[in-house]
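A quick write-up on the structure given underneath.
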Amino acid sequence: MDFALTLQQEVVAAIKALYQIDFEANKVSVANTRKEFVGDYTVVMFPLVAILKQSPKQIGNAIGGYLKENSSFVQDFNVIKGFLNLELKTQLWADFLENAYANDQYGNHPKTNKNVLLEYCSPNTNKPLHLGHIRNILLGWSCSKILEAAGDHVIRTQVINDRGIAICKSMLAWKKFANGETPQTSGIKSDHFVGNYYVLFETKFKEEYEVFQNSSEGIKVYETNKKANQESDAFFKDYKNTYFNTYSALGKEAREMLLDWEKGEPNTIALWKTMNEWVISGFNETHKALGVDFHENYFESETYLLGKDLIEKGLKEGIFYQKEDTSVWIDLTEEKLDHKLVLRSDGTSVYMTQDIGMAHIRYEKYKMDSLIYVVADEQNYHFQVLFEILKKMKEPYAAHLYHLAYGMVELTTGKMKSREGTVVDADDLIKEVIQEAENEAAERGDINALPVEAKKDILTKIGMAALKYHIIKVNPKKKMVFDPKESVDLQGQTGPYIQYSYVRANGLINKINQENWQSEKLIPSVLEPQEKDLLIQLYDYPNIIKEAAADYDPSVIANFTYSLAKSYHKFWHDLPIIKAPTPEKDFRIKLSILVKHVLQHSMDLLGIPMPNRM
RNA sequence: GGUCUAGUAGCUCAGCUGGAUAGAGCAACAGAUUUCUAAUCUGUAGGUCUCAGGUUCGAAUCCUGACUGGAUCACCA
């Protein structure tokens, strides 16, 4: 039973009885009543005015009066302007609470038998994870949890981009300059260790490039290739890639290393394996700190040749076409996209080819009904093209592809640019928020007496809640501005604020358990607005999950949870619970039990664990 | 230039499948604790919802156009 839907039908029945008119149910707008008015649900009268030729107030009073008399749902009503506010019978809310508070599955939907494969966090193995990855990881994880709560079966996967020129740069710098140093000997977290050599490569390359710019050869290149009136600095900025691929000695060595890797040269492969293991074990530590995992990792080194056979097949079927130079393309101009290359003229594959192949092998293994990619919105075009191609190839899951495109993370000082050293490192950030939680807790002193381990557990939960909530509360589609100072805030609309409301409920429940509280099933004669506010939100929760799942949008949950926590804080402040008289006490304890469950459940969907005290 | 996307309080964000007086948090100011933990609660102040048209009983929300910002448009990944 759904209150809003039932009311919708009852309004239709009332119109029929009062005016002998059939009115379509879906044209009756039923919404939660706004807080400043009395009532639970509100029906808008305006659409009826033209049809019934009466004032909204008259219609509202007529329908409200009819429902009060005839509906088993409606206790009372009021009409303000064109709005009919309906109050449900207290018994209905009491029944809802009675069922829900004892249901430890409240919020979880029945299984759908739908298999969803979700890909998130696709790092390169040449440097550690940063803030952008954190947004990706939190979104991917949370989405998977939300879909599970909505009843789907979710397979979480990651693609690790472990080959290519970038990792060769790290490898080369290590080989030339490390003198055998390792993460173990240096005591540096292993992914940072590899990242440092990537930076070192860039530094050495920059030095080399500067020498070139001042050499006679460099000056000659500038004079011959510059655009009109182009300054030397501007020219060489643009020329950097070309320099890397032509004159640069380091560039040449790195490219040779890539060729060696492709040939399978044993020493290169051995070094590549070692450095990738370092990076990946570092990633795993960060994933653990963030509380996320994957069912399967795909390594680009094992998948980058995939898809060629599918292109050949599609070529025969006429999905693709071949140019004179033997390169293979697809024409997507009818889909307003363009022509897109899928195989180079030398027969090698591109990124798109690989993605086509990977989607295919995933289907062979998992038979997923739906495939979701959590990737930044800079790749929107790529995924549009990929999805069109998969549709044309008639892949079975092609109708249920989704690119969860999230906006880039910017800093208050501007964009993050690895080259300019303005990237916020994931591990540093995690350390920082936990430290901030510790500072704050030390000042308060509430948990000072706890054993070290228990304290550490709580502080980690608080710090991570601050960081995660700050990121996940923003609508994924929008780019976000990240202010480190705000991310460690523990007051206001934050993760710790929500945790604290949970801790309050938890403390209360511990206390009544010690008193051996037993449910009395008595119903208060009147529900306070603070109680109603909680009930309406709690009642809504399963729908909120459906909505978040349908939109792939964790921020829906984040906003809901904050609102619930806020209402509980107010409830706590305004009304006695344990000290209330019997029917109220009983009711408010059950309310607290359900609030506690829903807070915990919804925060779990965001990947945020709750502390028992703080 | 083509395509996509965003613009709401000083700042960070909700609200966008059209409904009541556009909401939170932060920052500022003023208050509340003999009480189930004040990481809380209450109040004050802060708005041309970028602009101009249109549709509608009703527009922050839908449509059109402009302005501003972002992304993308490689035989890169």
Side-chain angles (χ1 to χ4, degrees), chain A residues 29 31 33-37 42 44-47 49-50 56 80-83 85 122 124 161 163-166 241 300 304 323 325-329 336-338 340-352 354-355 376-382 384 405 407-408 410 412 415 437 440-441 443-444 446 462 466 470 473-475 477-483 485-487 489-501 503-512 547 555-556 558-559 562-563 565-566 568-580 588-589 592 613-614:
Chain A
S29 134
T33 301
R34 292 172 56 144
K35 275 186 190 178
E36 57 266 40
F37 303 101
T42 295
V44 185
M45 292 294 110
F46 294 111
V49 172
I80 299 172
K81 295 188 184 173
F83 300 89
N85 299 318
S122 311
N124 294 323
N161 298 301
R163 64 169 282 282
I165 195 71
N241 268 335
E300 198 201 358
Y304 79 111
K323 285 193 180 173
D325 64 3
T326 71
S327 61
V328 180
W329 298 70
K336 290 197 212 159
L337 287 171
D338 216 337
K340 187 77 190 176
L341 177 97
V342 289
L343 274 186
R344 293 194 188 100
S345 50
D346 63 3
T348 55
S349 49
V350 290
Y351 188 44
M352 190 65 72
Q354 198 185 133
D355 268 354
D377 65 6
E378 60 186 350
Q379 294 198 37
N380 280 353
Y381 181 73
H382 173 79
Q384 278 181 34
M408 308 290 271
E410 293 175 10
T412 45
K415 290 184 192 173
E440 189 76 10
E443 239 174 73
R444 292 168 197 281
D446 293 325
I462 296 172
H470 187 249
K473 73 173 184 194
V474 180
N475 187 322
K477 282 186 302 207
K478 295 197 178 182
K479 70 166 196 229
M480 67 172 288
V481 177
F482 183 90
D483 184 346
K485 284 203 298 284
E486 285 179 15
S487 74
D489 271 351
L490 310 172
Q491 275 103 42
Q493 188 181 2
T494 66
Y497 172 96
I498 298 165
Q499 288 180 322
Y500 185 56
S501 65
V503 164
R504 282 181 145 177
N506 187 55
L508 178 94
I509 290 158
N510 285 342
K511 194 155 200 161
I512 55 113
E547 190 188 324
S555 74
V556 170
N559 286 311
Y562 169 68
S563 171
K566 192 171 149 74
Y568 190 69
H569 277 308
K570 185 163 172 56
F571 165 84
W572 180 283
H573 178 267
D574 291 353
L575 303 172
I577 303 170
I578 291 177
K579 288 168 188 161
R588 286 170 195 170
I589 286 171
S592 295
R613 52 179 297 187
M614 59 196 282

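Per chain, numbering begins at 1; letters A, B, ... match sequence-line order. Just so it is clear, the values below take in all heavy atoms, side chains as well, and ignore hydrogens, waters and symmetry mates.
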Let me know the distance between [atom1] of [X] and [atom2] of [N], rounded to the nearest Å.
X	N	atom1	atom2	result
A:L337	B:C4	CG	C1'	11 Å
A:F571	B:C41	CZ	P	14 Å
A:N380	B:C73	CG	P	11 Å
A:I498	B:U37	CD1	P	21 Å
A:H470	B:G25	NE2	C1'	10 Å
A:E378	B:G70	CD	C1'	12 Å
A:K340	B:A77	NZ	P	10 Å
A:E410	B:C13	CD	C1'	15 Å

Atom pair [atom1] ([X]) and [atom2] ([Y]), whose distance is rounded to the nearest 0.5 Å:
X	Y	atom1	atom2	value
A:Q499	A:L490	CD	CG	9.5 Å
A:M480	A:S555	CE	OG	11.0 Å
A:Q493	A:K473	CD	NZ	5.0 Å
A:N506	A:S592	CG	OG	11.0 Å

So which heavy atom on [X] is nearest to which on [Y], and how close?
X	Y	value
A:S501	A:A565	OG-CB, 3.3 Å
A:T494	A:D489	CG2-O, 3.6 Å
A:D446	A:M614	CB-O, 3.8 Å
A:T33	A:N85	CG2-OD1, 3.9 Å

Can you check the distance between [N] and [M], where both ends of the measurement are the [atom1] atom (answer in whole Å)?
N	M	atom1	result
B:C26	B:G43	P	14 Å
B:A45	B:A24	C1'	16 Å
B:C62	B:A20	P	15 Å
B:U34	B:C49	C1'	48 Å
B:U17	B:U5	P	15 Å
B:C4	B:U8	P	22 Å
B:G54	B:A71	C1'	30 Å
B:G18	B:C57	C1'	12 Å

Does [N] have its OP1 or OP2 closer than 4.0 Å to a side-chain nitrogen or oxygen of [X]?
X	N	value
A:W572	B:A38	yes
A:K473	B:C13	no
A:Y497	B:C41	yes
A:Y351	B:A77	no
A:R504	B:U37	no
A:K415	B:A71	yes
A:R344	B:C76	yes

Mind checking if [X] touches a base, just sugar-phosphate, or nothing, with heavy atoms under 4.0 Å?
X	value
A:E300	sugar-phosphate
A:I462	base
A:M408	nothing
A:I589	nothing
A:K336	nothing
A:D483	nothing

Pairs under 3.5 Å (Watson-Crick or G-U), crossing ones as [ ], inter-strand ones as |: RNA chain B comes out as (((((((..((((.....[...)))).(((((.......))))).....(((((..]....))))))))))))....

Spell out, as yes or no, whether a donor-acceptor pair under 3.5 Å connects the side chain of A:T326 to the backbone of A:S345. yes

For the backbone of A:N559 and the side chain of A:S563, can you confirm whether one donor and one acceptor N or O come within less than 3.5 Å of each other? no

Side-chain polar contacts of residues 569-576 of chain A - donor-acceptor pairs under 3.5 angstrom, sequence neighbours left out - could you list them?
| unit_1 | atom_1 | unit_2 | atom_2 | d |
| --- | --- | --- | --- | --- |
| A:H569 | ND1 | A:R504 | NH1 | 2.9 |
| A:H569 | NE2 | A:Y497 | O | 3.2 |
| A:K570 | NZ | A:D574 | OD2 | 3.0 |
| A:D574 | OD2 | A:Q530 | NE2 | 2.8 |

Determine, step by step, whether A:E378 and A:M408 satisfy the side chain to side chain contact (heavy atoms under 4.5 Å, CB included) criterion, reporting the C-alpha distance in whole Å, the side-chain angles of both residues, the deciding distance to 0.1 Å, and the verdict. CA-CA 8 Å; A:E378 60 186 350; A:M408 308 290 271; 3.5 Å; yes

Listed nucleotide nearest any side-chain atom of [X], set [options]:
X	options	answer
A:V474	B:C36, B:C13, B:U37	B:C13
A:K570	B:C73, B:C41, B:C11	B:C41
A:V481	B:U35, B:C26, B:C13	B:C13

Nearest-nucleotide 5' precedence on RNA chain B, A:R444 against A:M352: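 Taking each residue's closest nucleotide, the earlier one in sequence belongs to A:R444.
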
On RNA chain B, nearest-nucleotide positions of A:N475 versus A:S327: which is more 5'? A:N475

In 5'-to-3' order, the base (B), backbone-only (S) or no-contact (-) status of each nucleotide in nucleotides 16-22 of chain B, using a 4.0 angstrom heavy-atom cut-off, is B--BBS-

